[in-house]
Student: 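Please find one structure pasted underneath; my questions will follow.
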Amino acid sequence: DAKTTQPPSMDCAEGRAANLPCNHSTISGNEYVYWYRQIHSQGPQYIIHGLKNNETNEMASLIITEDRKSSTLILPHATLRDTAVYYCIVRPLNTGNQFYFGTGTSLTVIP
Amino acid sequence: EAGVTQFPSHSVIEKGQTVTLRCDPISGHDNLYWYRRVMGKEIKFLLHFVKESKQDESGMPNNRFLAERTGGTYSTLKVQPAELEDSGVYFCASSQDHRWNYGYTFGSGTRLTVV
């Protein structure tokens with residue numbers, strides 16, 4: 001079962017930063033935080049993952065609190081194509097094989 | 001590189017019929033996964049292949065579902081006989097190894113409608 005809590009929906013103005021929160025208060029020391037998104041009618045797409053340090057790639061930034069009980073995915077300049085359902089997932093990096101997707105946050109980028 | 005390819009993109013069948021979904025993973029990816037989202041529910045894991053072997057099939061809902069990966073390349077997921085509750089989107093994903101440093105790569109899915 002999903003071990004994360006996310007708001008069901010959010011809006012963001014085009015061109016502004018989208019900040020998507022995720023609570024994972026029961027995260028274990030060996031579990032990573034992954035973010036995926038699903039754009040309508042496509043398969044889930046990997047965005048970013050991290051353990052305890054903040055991470056940045058060409059798509060997004062991931063900010064993890066010091067106690068690791070929550071994190072925020074930041075899309076620095078949201079575009080209409082970023083409208084999607086965003087999933088925050090915690091799991092160990094080197095073990096197991098399942099992602100528990102949960103219900104995610106439906107982000108709508110508004111023109 | 002080519003992504004994960006799934007066939008068909010859509011399938012509409014009658015209850016009681018058989019349907020076979022196909023997944024072609026990224027070349028060289030030993031790990032292949034099947035997931036599905038049935039109507040109104042979350043995306044759920046079905047099973048995991050490492051090459052031709054089933055590593056974990058704990059998510060398979062019942063014995064009407066049969067997955068194969070002969071030769072460790074493409075995989076098929078057969079539903080026989082199909083029931084109304086099997087309607088949904090079936091996703092396939094692949095990864096080079098189980099550590100997923102960059103996550104899986106998912107296909108676009110097969111939308112199955114059982115009428």
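Quick note: numbers below take in every heavy atom, side chains included, and nothing from hydrogens, waters or symmetry partners. Below, chains carry the letters A, B, ... as their sequence lines are ordered, and counting in each starts from 1. Owing to the predicted nature of the structure, the values given are computational and were not obtained by experimental measurement.
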Student: Is the CZ atom of A:R16 crowded by more than 12 outside heavy atoms at less than 6.0 Å?
Tutor: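 Atom CZ in A:R16 is not packed in, count stays at 12 or less.
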
Student: Could you tell me whether a side-chain N or O of B:S94 sits under 3.5 Å from a main-chain N or O of B:H29, the two making a donor and an acceptor?
Tutor: no

Student: Heavy-atom distance under 4.5 Å between the side chains of B:I43 and A:P44, does that happen here?
Tutor: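 B:I43 vs A:P44: side chains touch.
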
Student: Among A:Q42, A:Q38, A:Q45, which has the most heavy-atom pairs under 4.5 Å with chain B?
Tutor: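 Result: the option with the highest number of such pairs is A:Q38.
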
Student: Strictly distance-based, threshold 3.5 Å: is any side-chain N or O of A:N54 a donor or acceptor partner for the main-chain N or O of A:I64?
Tutor: yes

Student: Would a distance-only check, ignoring hydrogens and angles, find a side-chain to backbone donor-acceptor pair under 3.5 Å from B:Y35 to B:A93?
Tutor: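 Flag not set: sc B:Y35 to bb B:A93 has no pair under 3.5 Å.
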
Student: If the contact rule is any heavy atom under 4.5 Å from chain A, which residues of residues 106-115 of chain B qualify, in numerical order?
Tutor: B:F106, B:G107, B:S108

Student: At under 4.5 Å between heavy atoms, what parts of residues 4-14 of chain B are in contact with chain A? List them by residue number.
Tutor: none

Student: Can you classify the ring geometry of A:F101 versus A:F99 as parallel (below 30°), tilted (30 to 60°) or perpendicular (above 60°)?
Tutor: perpendicular

Student: Hey, does B:N31 have a side-chain heavy atom less than 4.5 Å from the side chain of B:H48?
Tutor: yes

Student: Distance under 6.0 Å and angle within 45° of the ring axis: does A:R91 meet both against A:Y100?
Tutor: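 No, cation not above the ring by the 6.0 Å, 45° rule.
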
Student: Could you list the residues that satisfy side chain to side chain contact (heavy atoms under 4.5 Å, CB included) with A:N19, not counting sequence neighbours?
Tutor: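 So A:N19 forms a side chain to side chain contact (heavy atoms under 4.5 Å, CB included) with A:A17, A:T72, A:I74.
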
Student: Ignoring hydrogens and angles, tell me if any N or O in the side chain of A:H24 forms a donor-acceptor pair with the backbone of A:R68 under 3.5 Å.
Tutor: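 Checked: pair present.
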
Student: Can you list the residues of residues 78-88 of chain B that sit under 4.5 Å from chain A, counting heavy atoms only?
Tutor: none

Student: We want to know whether A:T4 and A:Y87 form a side-chain donor-acceptor pair, criterion being a heavy-atom distance below 3.5 angstrom.
Tutor: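 No, because no side-chain N or O of A:T4 sits under 3.5 Å from a partner of the opposite role on A:Y87.
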
Student: B:R69 side chain to B:K51 main-chain N or O, any donor-acceptor pair under 3.5 Å?
Tutor: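 Confirmed, B:R69 side chain pairs with B:K51 backbone.
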
Student: For A:S25, is there any backbone N or O sitting under 3.5 Å from a side-chain donor or acceptor partner on A:N23?
Tutor: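 Such a contact is absent between A:N23 side chain and A:S25 backbone.
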
